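Below: one structure, written as structure tokens.
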Amino acid sequence: MILIFLVAVWPVLQSFYFSLFDLRLNNPTKSEVHLSYNVDLERYLNNYPFLVTALDNEIREGNAAEQLEAAKSELKAIDDKLQKDGEVKSQYDAVNDKLMNFEQPGTDIRMVEVDRDIAEDYLKTTDSILTSLKKAAKETKLSQEDKIIGLASGLKDSIIKPNFIGLKHYKDNFGDTRMWKALGNTMTFTIISVAAELILGLAIALLINKAFFGRGLIRASILIPWAIPTAVSALMWKFLYDGQNGIIAKIFEDVGLINKMSNLLVTDTGAMFAVIFTDVWKTTPYMALLILAGLQTIPSSLYEASAIDGAGRWKQFTTITLPLLKSSILVALLFRTLDAFRVFDLIYVLTGGGPANSTETISILAYKVMFSQTNFGEGSALAVIVFICVAIISMLYIKFLGKDLLNDGRGN
């Protein structure tokens with residue numbers, strides 16, 4: 001149970017925790033979890049003294065002296081309030097010393113938690129200062145206008161607000177048409193590919209279960225597509241589907257499946273057909289292998305007895321093979337459905353989720369949001385949604401397809 005918790009449960013709980021925050025790696029103020037207000041002393045000390053110096057220079061030149069004096073007084077007031085906090089004061093001096101020695105202060109000393117009232121008063125004051133400076137710049141030509149406005153803006157950003165947003169990511173995702181489209185693409189891919197793989201896998205398993213010359217070689221050959229790494233298979237099929245030189249695209253055009261070779265990967269329907277066809281080619285052997293294992297557990301004596309009773313091949317298949325294969329089919333369907341629902345590498349390499357997101361699955365969307373957009377909060381929410389969908393699928397399989405199996409187990 002401890003191992004299951006560490007391997008399976010803990011990552012999901014961690015993802016859910018991150019999904020409650022607005023975590024963005026491309027935004028320094030949101031790159032970490034903040035449950036309270038913090039002050040970034042490095043940013044503060046890189047702006048405050050230079051802003052005070054710039055204001056002094058403008059005042060000496062006689063530029064809007066009265067307004068700039070007021071702004072300077074407000075600056076010193078908020079600096080005094082910050083340094084009244086004992087923890088801020090100790091870290092303030094440490095960060096200042098490092099900056100004076102041209103050293104980079106670590107996060108452990110430059111980020112300091114501050115009281116909510118102090119933080120809100122700081123933000124209110126810096127807003128007032130920024131407004132006053134912009135007004136002074138309009139009324140009087142300041143010699144360092146851009147520098148002063150920039151330093152004042154940077155000073156305001158020194159306060160890091162709490163980035164806890166609760167279930168907002170889930171609300172936004174469930175109202176996002178792109179997420180629902182990705183979920184629809186995932187369901188379409190899963191249902192069609194798994195259904196085709198089950199039918200073909202069952203047929204192949206029945207075939208290779210019979211005794212014939214070269215059966216071992218045939219079994220080994222059938223498993224080759226499944227043994228090839230998925231990324232390699234996807235790249236290989238990408239060349240085969242090429243609109244100019246792809247031999248498979250040419251065959252599909254000749255038999256009438258597509259109008260032109262170039263339409264296969266650049267149209268919505270063609271791209272979805274391409275990824276499903278590739279997945280069926282690759283994963284059908286896996287389905288056949290699981291079903292073959294179930295076929296080999298059925299005693300041959302049952303078929304001999306049914307033949308004596310006059311049962312034909314179809315009767316044997318429906319009354320002996322299918323009922324006794326139910327457990328193997330359940331396992332095969334469950335594994336393949338969960339695997340297909342979480343598909344990523346095949347589609348990512350083959351189409352990248354295109355064209356126009358027509359093959360973008362929920363896993364690819366989560367990857368793009370989390371790593372391409374570096375939005376870890378929303379990406380974590382999408383990962384949790386994937387987990388919830390997988391859990392629901394598992395429960396439905398066990399409830400409906402595994403009901404008789406569970407009853408049989410209790411009866412024995």
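Predicted model, so just to flag it, every value in this text is computed and none were measured.
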ring-ring contact (aromatic ring centres under 6.0 Å, His included) with Phe21: which residues, sequence neighbours excluded? Tyr17, Phe164

Does a side chain donor of either Glu58 or Ser143 reach within less than 3.5 Å of an acceptor in the other side chain? yes

Give every residue pair that meets the ring pair (Phe, Tyr, Trp, His ring centres under 6.0 Å) criterion with at least one member in residues 346-366, sequence neighbours excluded. Phe344-Tyr348, Tyr348-Tyr367

Would you please test Ser306 and Gln316 for side-chain hydrogen bond (donor to acceptor under 3.5 Å, both in side chains) and show each step? CA-CA 7 Å; Ser306 64; Gln316 291 177 350; 3.1 Å; yes

Judged by atom type as modelled, is there a donor-acceptor pair below 3.5 Å linking the side chain of Asn96 to the main-chain atoms of Tyr92? no

Partners passing ring-ring contact (aromatic ring centres under 6.0 Å, His included) against Phe18 (at least two apart in sequence or in another chain): none

Using every non-hydrogen atom in the two residues, find where Pro323 and Thr318 come nearest and quote the distance to one decimal. CD-O, 3.4 Å

According to salt bridge (Lys or Arg N to Asp or Glu O under 4.0 Å), does anything in residues 270-289 pair up with another residue at least two apart or in another chain? List the pairs. Asp279-Arg336

Checking side-chain contact (heavy atoms from CB on, under 4.5 Å) against Tyr37, which of Ile159, Ile118, Val112, Asp117 comes through? Ile159

Please check this pair: side chain of Asn38 against backbone of Ser36, looking for a donor-acceptor N/O pair closer than 3.5 Å. yes

Excluding sequence neighbours, so at least two apart, what forms side-chain contact (heavy atoms from CB on, under 4.5 Å) with Leu200? Val280, Thr284

With side-chain contact (heavy atoms from CB on, under 4.5 Å) as the test, pick out the partner of Leu324 among Leu295, Leu302, Thr297. Leu302

Start with the C-alpha distance between Glu253 and Lys250, add both sets of side-chain angles, then the distance that settles side-chain contact (heavy atoms from CB on, under 4.5 Å), and finish with yes or no. CA-CA 5 Å; Glu253 182 184 32; Lys250 176 62 176 173; 3.9 Å; yes

Might you work through the salt bridge (charged side-chain N to carboxylate O under 4.0 Å, His left out) test for Asp80 and Lys76, ending with a clear yes or no? CA-CA 6 Å; Asp80 291 339; Lys76 290 186 176 180; over 6 Å; no

Taking the six-membered ring for Trp, is the centroid-to-centroid distance between Tyr286 and Phe335 below 6.0 Å? no

Looking at Trp237, Trp226, Tyr241, which one forms a ring pair (Phe, Tyr, Trp, His ring centres under 6.0 Å) with Trp281? Trp237

Flag yes if more than 12 heavy atoms outside Gln296 fall under 6.0 Å of its CD atom; otherwise flag no. yes

Sequence neighbours left out, what pairs pass salt bridge (Lys or Arg N to Asp or Glu O under 4.0 Å) with at least one residue falling in residues 367-393? Glu360-Lys368

So for atom CZ, which belongs to Arg178, do other residues, nucleotides or ligands contribute more than 12 heavy atoms lying within a distance under 6.0 Å? yes

